[in-house]
Enquirer: 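So that we are looking at the same thing, I have put the structure below in structure tokens.
Order of listing sets the numbers, starting from 1, for every ligand and every atom in it. These numbers come from a predicted model, not from an experiment.
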Amino acid sequence: MRLNGEISSGGEEEEEETTTFSGQKVVVGYALTSKKKKSFLQPTFTTLARNKGIHFVAIDLNKPLPEQGPFDIILHKLSGEEWREIIEDYRQTHPEVTILDPPDAIQHLHNRQSMLENVVDLNLSDCHGKVDIPRQLIISKEEDPSSIPYEVTKTGMKLPLVAKPLVVDGSAKAHELFLAYDEFSLSELEPPLVLQEFVNHGGLLFKIYIVGETIKVVRRFSLPNISKRELSKFSGVFRFPRVSSAAASADDADLDPSIAEHPPRPLLEMLARELRHRLGLRMFNIDMIREYGTRDVFYVIDINYFPGFGKMPDYEHIFTDFLLGLVQSKCKKKPTT
Ligand SMILES: O=P(O)(O)O[C@@H]1[C@@H](OP(=O)(O)O)[C@H](OP(=O)(O)O)[C@H](O)[C@H](OP(=O)(O)O)[C@H]1OP(=O)(O)O
Ligand SMILES: Nc1ncnc2c1ncn2[C@@H]1O[C@H](COP(=O)(O)OP(=O)(O)O)[C@@H](O)[C@H]1O
Ligand SMILES: [Mg+2]
Ligand SMILES: [Mg+2]
């Protein structure tokens with residue numbers, strides 16, 4: 001945090017001087033794609049934040065990062081090794097700046113196998129419900145696609161299966177998912193892949209947003225149940241549409257309560273606390289489904305760093321408070337001279 005007047009001008013979002021309640025100003029540098037900037041830095045948010053003394057400043061990717069700022073916080077989501085190195089170097093040389101979030105922690109979510117490892121390690125089997133991940137098999141890049149059917153049969157995994165690209169690198173291809181009704185057709189797909197048992201969940205998904213200590217649950221429509229009859233009727237692999245692109249919230253729909261009831265709060269709190277800590281991330285979301293016909297058997301199927309928070313109700317207030325909280329707790333930790 002800097003005292004009023006100390007900040008250099010030139011940031012594109014800066015206007016008149018406004019300060020936090022304690023008379024200080026918070027500068028948040030951001031490195032985001034233009035799509036992300038549009039969805040996250042909406043005027044309702046930047047205006048509210050500015051009124052509380054938070055100023056957003058675009059990081060210029062054509063200039064060295066250490067020559068920019070000074071920043072209190074950096075928000076970033078850019079793909080590629082080059083940016084990862086820049087932000088990691090900066091993090092080490094500028095420990096006074098809060099980087100949301102550390103690049104190595106983010107990297108953990110760029111692989112669909114490593115992203116779910118922490119959920120398995122948690123072993124949440126008796127905490128107001130059970131949380132697991134679907135049975136899955138990793139098909140490496142080196143694997144001959146013709147051997148996939150045999151590998152699948154060997155594990156005893158049940159059909160249908162969801163085939164997902166192993167690597168999540170921010171590309172559209174990383175979200176090209178397929179539903180496989182038989183194991184033989186899987187040879188058509190290109191490894192590396194994660195093959196996951198499809199879990200019937202009544203066509204509803206819980207998006208659990210985590211921003212610091214805050215947990216917010218949103219319901220989304222998802223893939224419908226697949227019956228045994230349907231499974232016996234079809235064969236082949238089918239590409240399915242990206243669920244988040246539809247992004248229609250199911251919160252206002254008239255849904256069967258046994259499907260739509262939110263996961264128990266204590267379970268979510270435990271899950272969020274543990275994952276925040278184990279992943280070392282402060283802003284992410286979890287895609288979770290409830291096994292159809294159960295009340296408390298849940299599966300985590302996806303974890304996303306810095307997802308589409310603009311779709312989270314009240315995100316403007318949640319983020320304003322979160323950013324202020326970060327600088328205030330940092331100030332408290334500073335020894336007084
Ligand atoms: O574009 P949006 O707003 O749908 O956000 C995407 C997320 O959608 P969601 O917030 O869950 O609805 C999306 O979540 P899903 O993987 O679709 O569950 C990803 O987080 C995606 O980022 P990336 O391509 O994996 O790097 C996110 O894309 P970016 O905005 O980060 O490019
Ligand atoms: N194991 C599964 N069982 C049932 N549905 C699934 C499973 N995995 C994924 N889905 C469906 O596919 C969608 C996309 O899968 P997800 O793993 O979240 O990938 P992405 O990163 O592209 O969002 C989910 O939101 C859900 O609707
Ligand atoms: Mg998802
Ligand atoms: Mg995802």
Enquirer: What are the atoms of ligand 2, with element, lying closer than 4.0 Å to any heavy atom of L205?
Expert: 25 (O)

Enquirer: Quick one: does any side-chain atom of K130 pair with a main-chain N or O of V297 as donor and acceptor, under 3.5 Å?
Expert: no

Enquirer: Would you name the N/O/S atom of D302 that lies closest to the Mg ion (ligand 4)?
Expert: OD2

Enquirer: Quick check: does any side chain N or O of N225 sit under 3.5 Å from a backbone N or O of H201, one acting as donor and the other as acceptor?
Expert: yes

Enquirer: Give the contacting part of V168 toward ligand 2: side chain, backbone, both or neither, where contact means a heavy-atom distance below 4.0 Å.
Expert: neither

Enquirer: At less than 4.0 angstrom from any non-hydrogen atom of D287, what atoms of ligand 2 do you find?
Expert: 18 (O)

Enquirer: Is the ring centre of Y209 less than 6.0 Å from the ring centre of F284?
Expert: no

Enquirer: E197: heavy atom below 4.0 Å from ligand 2, yes or no?
Expert: yes

Enquirer: Would you mind listing which atoms of ligand 1 come within a distance below 4.0 Å of any non-hydrogen atom of H175?
Expert: 16 (O), 23 (P), 24 (O), 25 (O)

Enquirer: Polar contacts were defined as any N/O atom of the residue lying under 3.5 Å from an N/O atom of the ligand; does this apply to F240 and ligand 2?
Expert: no

Enquirer: Give the atom numbers and elements of ligand 1 that come within less than 4.0 Å of a heavy atom of D302.
Expert: 15 (P), 16 (O), 18 (O)

Enquirer: With atoms numbered from 1 as shown, which atoms in ligand 2 lie under 4.0 angstrom from a non-hydrogen atom of H175?
Expert: 20 (P), 21 (O), 22 (O)

Enquirer: Have a look at Q196, H201, E176 and point out the one with the heavy atom closest to atom 5 (N) of ligand 2.
Expert: H201

Enquirer: Can you sort out which atoms of ligand 1 are near R220, meaning under 4.0 Å from one of its heavy atoms?
Expert: 12 (O)

Enquirer: Short question: side chain of S187, backbone of P145 - any donor-acceptor pair under 3.5 Å?
Expert: yes

Enquirer: If you apply the rule ring pair (Phe, Tyr, Trp, His ring centres under 6.0 Å), what do you find for F56 with F45, and how did you get there?
Expert: CA-CA 11 Å; F56 291 100; F45 173 38; 5.3 Å; yes

Enquirer: Could you tell me the separation between the CD1 atom of I286 and the CG atom of L205, rounded to the nearest 0.5 Å?
Expert: 11.5 Å

Enquirer: Atom 10 (N) of ligand 2: which of I301, N225, I226 has the nearest heavy atom?
Expert: I301

Enquirer: What atoms in ligand 2 come closer than 4.0 Å to a heavy atom of K164?
Expert: 8 (N), 9 (C), 16 (P), 17 (O)

Enquirer: Has R265 got more than 12 heavy atoms of other residues, nucleotides or ligands less than 6.0 Å from its CZ?
Expert: yes

Enquirer: Measure the distances from the heavy atoms of S39 to every atom of ligand 1 and state whether one is below 4.0 angstrom.
Expert: no

Enquirer: Under the ring pair (Phe, Tyr, Trp, His ring centres under 6.0 Å) rule, what pairs show up with a residue in residues 159-193, not counting sequence neighbours?
Expert: Y181-F234, Y181-F238

Enquirer: Verify the distance criterion only: is there a donor paired with an acceptor across the side chains of E117 and Q113 at less than 3.5 Å?
Expert: no

Enquirer: Which atoms of ligand 2 sit under 4.0 Å from any heavy atom of S222?
Expert: 26 (C), 27 (O)

Enquirer: Without swapping roles, check the side chain of N111 against the backbone of V167 for a donor-acceptor pair under 3.5 Å.
Expert: no

Enquirer: Looking only at heavy atoms of R112, does any of them come nearer than 4.0 Å to an atom of ligand 2?
Expert: yes

Enquirer: Under 4.0 Å from any heavy atom of V168, which atoms of ligand 1 are there?
Expert: 25 (O)

Enquirer: Can you name the atoms of ligand 1, numbered from 1 with element, that are less than 4.0 Å from a heavy atom of K35?
Expert: 1 (O), 28 (O), 29 (P), 30 (O), 32 (O)

Enquirer: Does an N or O anywhere in K311 fall below 3.5 Å from an N or O of ligand 1?
Expert: yes

Enquirer: Tell me if a side-chain donor or acceptor on T47 pairs with a main-chain N or O of T44 at a distance below 3.5 Å.
Expert: no

Enquirer: Parallel, tilted or perpendicular for W83 and H76, by the 30°/60° rule?
Expert: tilted

Enquirer: With T214, which residues qualify under side-chain contact (heavy atoms from CB on, under 4.5 Å), at least two apart?
Expert: I318

Enquirer: With atom 20 (P) of ligand 2 as the reference point, say which of V194, D302, N285 has the nearest heavy atom.
Expert: D302

Enquirer: Are any of the N/O atoms on N304, whether in the backbone or the side chain, positioned under 3.5 angstrom from an N/O atom of ligand 1?
Expert: yes

Enquirer: With heavy atoms of V162 as the reference, note each atom of ligand 2 found under 4.0 Å away.
Expert: 2 (C), 7 (C)

